[in-house]
Amino acid sequence: MRNNLIPLFGAVFAVNFMFNDAVVFRFTNFECKSYNESWFVFHYYRLKAVSRDRVLLNVNGTILHPANDIQLRGKMFKKASGFKPWVLDSTVDGCRYMRKRYDPFLNIVFNIFKDFSNINHTCPFFGPQVVKDFYLRSERLALPFPSGEYMLALLWYFDKKRIFDTNVSFLYQEDLLRMT
Ligand SMILES: *[C@@H]1O[C@H](CO)[C@@H](O)[C@H](O)[C@H]1NC(C)=O
Ligand SMILES: *[C@@H]1O[C@H](CO)[C@@H](O)[C@H](O)[C@H]1NC(C)=O
Ligand SMILES: *[C@@H]1O[C@H](CO)[C@@H](O)[C@H](O)[C@H]1NC(C)=O
Ligand SMILES: *[C@@H]1O[C@H](CO)[C@@H](O)[C@H](O)[C@H]1NC(C)=O
């Protein structure tokens, strides 16, 4: 009985390995901007490619006054001769979200992201905001999505005013034969 399970585990492992190996999921661009540098400053934001499949995202910024009213607008774009709006354009109450995780889309993003940053607590947000060596892992996605290049624009509002943007572009590509 026991021995019969070994080939099964082997097969599951092989399929898992193939799946992960077959998907390219990495950052391609990152644009940030503060619209009010007396409230939020970026010290740096950058991508660094460490291999064909892995690109690290680093951000360091400071919130100069406590933020207690945070709205996060997420807009998704998919590239098709220029980025076109794709599926998502919604606004989430950031402080409520950090208490309740009530938004299913943000749950996907947060789940991929949370291990790499100190942005994991309830309001207020104040002081250093750091994302370190964040890279994308397709195994953290609940569902694969159509191959292509995407941009997720995240527009951050404090007290209803737009304070900064963090726009990230990424490639999601099923790549069974690694022909690209
Ligand atoms: C982020 O994307 C939004 C939506 O397309 C755009 O209006 C904004 O200018 C972008 N910000 C930056 C810093 O590129
Ligand atoms: C920028 O942020 C500061 C600090 O919170 C605030 O006092 C000021 O009104 C903001 N400026 C604008 C143009 O919103
Ligand atoms: C972020 O930038 C600030 C200001 O330059 C610096 O003091 C701090 O050490 C930086 N933190 C990281 C993790 O790079
Ligand atoms: C922060 O992250 C840790 C580890 O992932 C988790 O256990 C904790 O519940 C998180 N805290 C909040 C406020 O989400």
Side-chain angles (χ1 to χ4, degrees), residues 24-51 54-99 103-137 140-141 145-173:
V24 172
F25 187 34
R26 61 172 160 79
F27 295 117
T28 54
N29 196 26
F30 188 36
E31 301 280 351
C32 296
K33 185 177 165 74
S34 171
Y35 298 99
N36 181 343
E37 294 205 316
S38 43
W39 209 341
F40 190 93
V41 285
F42 286 103
H43 306 297
Y44 59 74
Y45 57 91
R46 54 185 170 237
L47 296 182
K48 182 178 169 198
V50 291
S51 71
R54 185 168 297 186
V55 176
L56 306 180
L57 182 153
N58 281 278
V59 194
N60 177 357
T62 302
I63 300 178
L64 299 164
H65 299 275
N68 281 297
D69 173 351
I70 302 176
Q71 306 291 320
L72 173 59
R73 181 170 179 197
K75 294 169 80 172
M76 191 80 147
F77 299 81
K78 187 171 192 290
K79 202 171 207 172
S81 60
F83 281 106
K84 301 283 157 44
W86 187 79
V87 181
L88 176 92
D89 180 350
S90 75
T91 299
V92 168
D93 175 334
C95 292
R96 185 171 161 232
Y97 180 81
M98 294 314 282
R99 292 191 310 268
D103 185 80
F105 174 78
L106 199 55
N107 287 345
I108 298 174
V109 175
F110 193 73
N111 199 29
I112 292 178
F113 160 83
K114 63 179 181 190
D115 305 340
F116 297 95
S117 101
N118 66 343
I119 306 169
N120 168 12
H121 58 82
T122 50
C123 286
F125 277 73
F126 182 44
Q129 309 296 317
V130 176
V131 178
K132 189 169 164 45
D133 292 344
F134 171 33
Y135 62 94
L136 297 172
R137 290 166 296 175
R140 285 290 181 100
L141 287 174
F145 45 97
S147 287
E149 190 175 353
Y150 295 84
M151 178 175 82
L152 176 62
L154 293 172
L155 317 182
W156 300 82
Y157 295 77
F158 294 172
D159 287 355
K160 316 284 187 277
K161 290 188 197 115
R162 185 160 164 197
I163 303 297
F164 63 98
D165 298 347
T166 50
N167 292 0
V168 66
S169 306
F170 59 91
L171 186 68
Y172 182 92
Q173 195 168 49

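Ligands are counted one by one from 1 in listed order, and the atoms in each one are counted from 1 as well. This is a predicted model, so every value here is computed, not measured.
Only the side chain of Phe77 comes within 4.0 Å of ligand 1, judged by heavy-atom distances. Neither the backbone nor the side chain of Arg73 has a heavy atom within less than 4.0 Å of ligand 1.
In this structure, Arg99 forms no cation-pi arrangement with Tyr97, as its terminal cationic atom is not both closer than 6.0 Å to the ring centre and no more than 45° off the ring axis.
Nearest non-hydrogen protein atom to atom 9 (O) of ligand 2 is Lys161 NZ, 4.5 Å. In terms of protein heavy-atom proximity, atom 14 (O) of ligand 3 is closest to Tyr44 OH, 2.8 Å. In this structure, the protein non-hydrogen atom closest to atom 13 (C) of ligand 3 is Val130 CG1, 4.0 Å. In terms of protein heavy atoms, atom 4 (C) of ligand 2 is closest to His65 CD2, 3.4 Å. Looking only at protein heavy atoms, the nearest one to atom 2 (O) of ligand 1 is Asn167 ND2, 2.3 Å. Looking at atom 1 (C) of ligand 3, its nearest protein heavy atom turns out to be Asn60 ND2, 1.4 Å.
Between Phe125 and His121, the ring-plane angle classifies as parallel under the 30° and 60° cut-offs.
Proximity of Ile119 to Val131: side-chain heavy atoms (C-beta onward) are separated by under 4.5 Å at one or more points. At a threshold of 4.5 Å between non-hydrogen side-chain atoms, the residues Ile112 and Phe134 count as touching. Annotation: side chain of Asn60 is not in contact with side chain of Asn58 (no heavy-atom distance under 4.5 Å).
Ligand-side atoms of ligand 1 in range of Asp165: 1 (C), 8 (C), 10 (C), 11 (N), 12 (C), 13 (C), range being under 4.0 angstrom from any heavy atom. Applying the 4.0 Å criterion to heavy atoms of Asn36 picks out, from ligand 2, the atoms 1 (C), 2 (O), 3 (C), 8 (C), 10 (C), 11 (N), 12 (C), 14 (O). Residue-ligand proximity, Glu31 to ligand 1, at heavy-atom distances under 4.0 Å covers atoms 14 (O). Annotation for ligand 2: atoms under 4.0 Å from non-hydrogen atoms of Trp39 are 2 (O), 5 (O). Residue-ligand proximity, His43 to ligand 3, at heavy-atom distances under 4.0 Å covers atoms 2 (O), 3 (C), 4 (C), 5 (O).
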Test salt bridge (charged side-chain N to carboxylate O under 4.0 Å, His left out) applied to Arg73 and Asp89, step by step | CA-CA 7 Å; Arg73 181 170 179 197; Asp89 180 350; 2.9 Å; yes
Going through the checks in order, is the ring-ring contact (aromatic ring centres under 6.0 Å, His included) test met by Trp86 and Phe77?
-> CA-CA 5 Å; Trp86 187 79; Phe77 299 81; over 10 Å; no
For Phe170 and Phe25, what are the C-alpha separation, side-chain angles and deciding distance, and is it a ring-ring contact (aromatic ring centres under 6.0 Å, His included)?
-> CA-CA 7 Å; Phe170 59 91; Phe25 187 34; 5.7 Å; yes
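Among Arg162, Lys75, Lys33, Met151, the residue whose heavy atom lies nearest to atom 7 (O) of ligand 1 is Arg162.
Glu149 pairs with exactly one of Lys79, Arg26, Lys78 by the salt bridge (Lys or Arg N to Asp or Glu O under 4.0 Å) rule, that one being Lys79.
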